[in-house]
Number of protein chains: 2
Amino acid sequence: MVTFIVTPLDMSKPTPNPLLQLENQLCFPLYAASRLFTKAYQPLLQELELTYPQYLVLLLLWEHGELTVKELGERLLLDSGTLTPLLKRLEQRALVSRRRDPRDERSVVIGLLPAGQALQEKALCIPAALQTRLQLSPEEFEALRAQLKQLVAQLS
Amino acid sequence: MVTFIVTPLDMSKPTPNPLLQLENQLCFPLYAASRLFTKAYQPLLQELELTYPQYLVLLLLWEHGELTVKELGERLLLDSGTLTPLLKRLEQRALVSRRRDPRDERSVVIGLLPAGQALQEKALCIPAALQTRLQLSPEEFEALRAQLKQLVAQLS
DNA sequence: GTGAATCAAATTGCCCGCAATTAAATTTGA
DNA sequence: TCAAATTTAATTGCGGGCAATTTGATTCAC
């Protein structure tokens with residue numbers, strides 16, 4: 001004698017397809033890690049009164065000096081729809097300058113003003129603070145960085 | 001007679017500190033990869049008329065059936081400030097239902113409506129399409145996923 | 001040299017993401 | 001029991017991101 005136990009179809013739990021499970025995908029950990037990272041920066045950046053993308057712009061300007069909006073966009077993978085208002089906010093706080101390139105009036109050159117330059121000193125401690133927070137060995141850190149770089153290359 | 005040629009201090013290239021270089025950090029590749037990933041989903045999700053975070057919400061509902069706003073927030077690491085308007089948009093399109101839990105009127109239970117349930121079928125091909133796009137070996141994929149999960153755990 | 005094509009930035013409009021606050025329900029503990 | 005603390009969503013306000021369009025400058029092709 002065999003008894004079949006028939007579980008009724010529960011429409012509130014419809015076909016949990018493993019392909020579509022959050023934890024089996026790359027997308028969600030990436031999305032979550034990126035936002036958590038930004039949040040980890042937040043208290044440090046708050047002291048400089050910078051948002052995370054504003055900080056990225058300043059990193060590039062500290063490293064390269066003047067850059068056009070286009071060059072900033074290429075390096076950060078952001079377009080002028082994002083950068084223009086962001087840069088105007090930095091300009092209003094006298095951290096950066098914005099001027100048309102006289103040799104090509106289409107381009108806008110972004111430069112550092114003294115206050116923006118001065119912020120670099122305050123920012124020096126930030127990478128180390130984050131490193132501590134992450135608790136990754138140098139090998140793990142490097143492996144992850146390399147993999148992400150490869151991913152970025154693959155997708156861009 | 002000696003002529004000194006004094007190179008003026010070039011304030012446009014100020015002290016490129018390696019610690020502060022974009023490419024030496026984890027934060028930027030993570031930020032860029034996350035946005036590029038979302039962009040890679042975009043054409044696929046456009047056919048479902050979903051944004052990426054809306055898709056994540058539906059993934060959870062397809063997997064778990066009904067969830068409260070709080071539970072969605074815990075799993076996606078998003079707060080009601082993000083979720084409430086997003087869920088209202090899905091409700092307006094009759095993809096999900098929103099109702100107070102009668103046993104605890106503070107909670108709002110989100111459920112799938114038929115149109116939302118039906119979308120799952122159209123979404124089934126999405127993970128495979130991305131997998132193809134990424135061109136990662138199963139080992140690389142798994143390694144990266146594990147490292148990101150660890151990072152998320154470390155930061156949350 | 002001139003009209004067409006291209007390019008760079010700005011603008012518009014929409015949707016996140018999140019800090020901070022508010023409102024309402026529930027739990028708690030004296 | 002009942003006031004205080006806690007919990008859950010909603011709301012507000014602001015700064016990204018990004019697609020799509022517009023404006024103006026430059027380059028290209030003929």
Side-chain angles (χ1 to χ4, degrees), chain A residues 27-28 31-43 45-46 48-58 67-74 76-93 95-96 98-110 155-156, chain B residues 27-28 31-43 45-46 48-57 67-74 76-93 96 98-110 155-156:
Chain A
C27 64
F28 176 67
Y31 167 78
S34 175
R35 286 186 299 117
L36 287 169
F37 228 93
T38 302
K39 205 175 293 187
Y41 271 92
Q42 214 271 328
L45 292 177
Q46 194 158 32
L48 316 191
E49 293 180 280
L50 291 177
T51 65
Y52 178 68
Q54 288 169 1
Y55 169 70
L56 294 181
V57 166
L58 288 181
L67 290 171
T68 63
V69 172
K70 177 183 159 65
E71 289 167 332
L72 285 170
E74 283 171 353
L76 298 176
L77 307 179
L78 293 171
D79 71 6
S80 69
T82 301
L83 287 173
T84 297
L86 184 157
L87 293 168
K88 282 184 176 174
R89 281 188 283 272
L90 294 180
E91 183 188 34
Q92 282 209 307
R93 293 173 52 197
L95 299 177
V96 308
R98 293 166 69 241
R99 58 178 174 73
R100 292 277 165 184
D101 182 342
R103 288 182 312 252
D104 183 344
E105 291 278 344
R106 289 174 302 181
S107 293
V108 169
V109 180
I110 308 299
L155 289 173
S156 58
Chain B
C27 65
F28 176 67
Y31 166 77
S34 174
R35 286 186 300 114
L36 287 170
F37 228 93
T38 302
K39 205 176 292 188
Y41 271 92
Q42 213 270 329
L45 292 177
Q46 194 158 30
L48 316 192
E49 295 179 280
L50 292 176
T51 65
Y52 179 68
Q54 287 169 1
Y55 170 69
L56 294 180
V57 166
L67 289 170
T68 64
V69 172
K70 176 183 160 62
E71 289 167 331
L72 285 170
E74 283 171 353
L76 297 176
L77 308 178
L78 292 172
D79 70 6
S80 68
T82 300
L83 286 174
T84 297
L86 183 157
L87 293 168
K88 282 183 177 176
R89 281 188 284 272
L90 294 180
E91 183 189 35
Q92 282 208 308
R93 293 173 51 197
V96 308
R98 294 168 67 243
R99 59 180 173 72
R100 292 277 165 184
D101 182 343
R103 287 181 312 252
D104 184 344
E105 290 279 343
R106 289 173 303 181
S107 293
V108 169
V109 179
I110 308 298
L155 289 172
S156 58

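Residue numbers begin at 1 in each chain, while the letters A, B, ... track the order of the sequences.
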Item checked: Comparing B:Tyr52 and A:Ser80 on DNA chain C - which has the more 5′ nearest nucleotide -> A:Ser80
Note to self: Taking any heavy-atom pair under 4.0 Å as a contact, classify B:Leu72: base, sugar-phosphate, or nothing.
What the structure shows: nothing
Next item on the list: Please state how far atom CZ in B:Arg100 lies from atom P in D:dA9, giving the value in whole angstrom units.
Entry: 7 Å
Check: Counting side-chain heavy atoms from CB outward, which of C:dA9, C:dG17, C:dC16 is closest to A:Tyr31?
Finding: C:dG17
Item checked: B:Thr82 side-chain proximity, nearest of D:dA9, C:dC18, C:dT11 -> C:dC18
Next item on the list: Name the nucleic acid region contacted by B:Ser107, choosing base, sugar-phosphate or nothing; use a 4.0 angstrom heavy-atom cut-off, strictly under.
Entry: sugar-phosphate
Notebook entry, point to check: Taking all atoms of both residues into account, what is the closest heavy-atom pair of B:Ala40 and A:Leu155, and its distance?
Noted result: CB-CD2, 4.2 Å
Check: Are side-chain heavy atoms of A:Leu67 and A:Val57 found at a separation under 4.5 Å?
Finding: no
Margin query: Closest-nucleotide mapping onto DNA chain C: is B:Pro85 or A:Pro85 further toward the 5' terminus? I mean the 5' end.
Written below: A:Pro85
Next item on the list: Side-chain contact test, heavy atoms from C-beta onward, threshold under 4.5 Å: evaluate it for A:Ile110 versus A:Glu71 and give yes or no.
Entry: no
Next item on the list: Looking at every strand, decide which applies to B:Asp104 at a 4.0 Å heavy-atom threshold: base, sugar-phosphate, or nothing.
Entry: sugar-phosphate
Check: Can you find a donor-acceptor pair, distance only, under 3.5 Å between A:Thr84 side chain and C:dA9 base?
Finding: no
Check: Between B:Asp79 (CG) and C:dA19 (C1'), how many Å, whole number?
Finding: 8 Å
Checklist line | Considering all heavy atoms, the nearest A:Pro53-A:Leu86 contact | finding: CB-CD1, 3.8 Å
Item checked: From D:dA19, D:dG16, C:dC18, nucleotide with atom closest to A:Arg89 side chain -> D:dG16
Next item on the list: From the options D:dA9, C:dA10, C:dG17, select the nucleotide whose nearest atom is closest to the side chain of A:Lys88.
Entry: C:dA10
Next item on the list: Scan A:Leu86 against the nucleic acid and name what it touches under 4.0 Å (heavy atoms): base, sugar-phosphate only, or nothing.
Entry: sugar-phosphate
Next item on the list: Would you mind telling me which of D:dG17, D:dT8, C:dT11 lies closest to the side-chain atoms of B:Arg106?
Entry: D:dT8
Notebook entry, point to check: Considering only D:dT26, C:dG17, C:dT26, which nucleotide approaches the side chain of A:Glu105 most closely?
Noted result: D:dT26
Margin query: Strictly below 4.0 Å: does B:Gln54 bring a side-chain N or O up to OP1 or OP2 of C:dC16?
Written below: yes
Checklist line | Residue-phosphate contact under 4.0 Å: B:Arg35 side-chain N/O, C:dG17 OP1/OP2 | finding: no
Notebook entry, point to check: Can you tell me how far P of D:dC14 sits from CZ of A:Arg93, to the nearest Å?
Noted result: 15 Å
Item checked: Rounded distance in Å - CD1 (A:Ile110) to C1' (C:dA10) -> 12 Å
Note to self: Closest approach to the side chain of B:Lys70, judged atom by atom: which nucleotide of D:dG16, D:dT8, C:dA9 is it?
What the structure shows: D:dT8
Next item on the list: Looking at every strand, decide which applies to A:Thr68 at a 4.0 Å heavy-atom threshold: base, sugar-phosphate, or nothing.
Entry: sugar-phosphate
Margin query: Over 60° means perpendicular and under 30° means parallel, so tell me whether B:Tyr55 and B:Tyr41 are parallel, tilted or perpendicular.
Written below: tilted
Checklist line | Length of the line joining B:Leu45:CG and C:dC16:C1', which is rounded to integer Å | finding: 14 Å
Check: With a 4.0 Å cut-off on heavy atoms, is A:Leu87 in touch with a base, just the backbone sugar-phosphate, or nothing at all?
Finding: nothing
Next item on the list: Please report the shortest heavy-atom distance between A:Arg98 and A:Thr84, naming the atom on each side.
Entry: NH2-CG2, 4.3 Å
Notebook entry, point to check: Under 4.0 angstrom, heavy atoms only, what part of the nucleic acid is A:Gln42 near: base, sugar-phosphate, or nothing?
Noted result: nothing
Margin query: In whole Å, I'd like the distance from the CZ atom of B:Arg103 to the P atom of C:dT26.
Written below: 12 Å
Note to self: Suppose we define a pair by two distances each less than 3.5 Å, Watson-Crick or G-U wobble; what does C:dA30 pair with here?
What the structure shows: D:dT1
Notebook entry, point to check: Could you state the CG-P distance from B:Asp101 to D:dT7, rounded to the nearest angstrom?
Noted result: 17 Å
Margin query: In this structure, how many angstroms lie between the P atom of D:dG15 and the CD atom of A:Gln92, rounded?
Written below: 10 Å
Notebook entry, point to check: Between A:Val96 and A:Leu58, does a side chain to side chain contact (heavy atoms under 4.5 Å, CB included) hold up when you go through it step by step?
Noted result: CA-CA 9 Å; A:Val96 308; A:Leu58 288 181; 4.1 Å; yes
Next item on the list: Select base, sugar-phosphate, or nothing to describe what B:Leu78 touches, counting heavy atoms under 4.0 Å on all strands.
Entry: sugar-phosphate
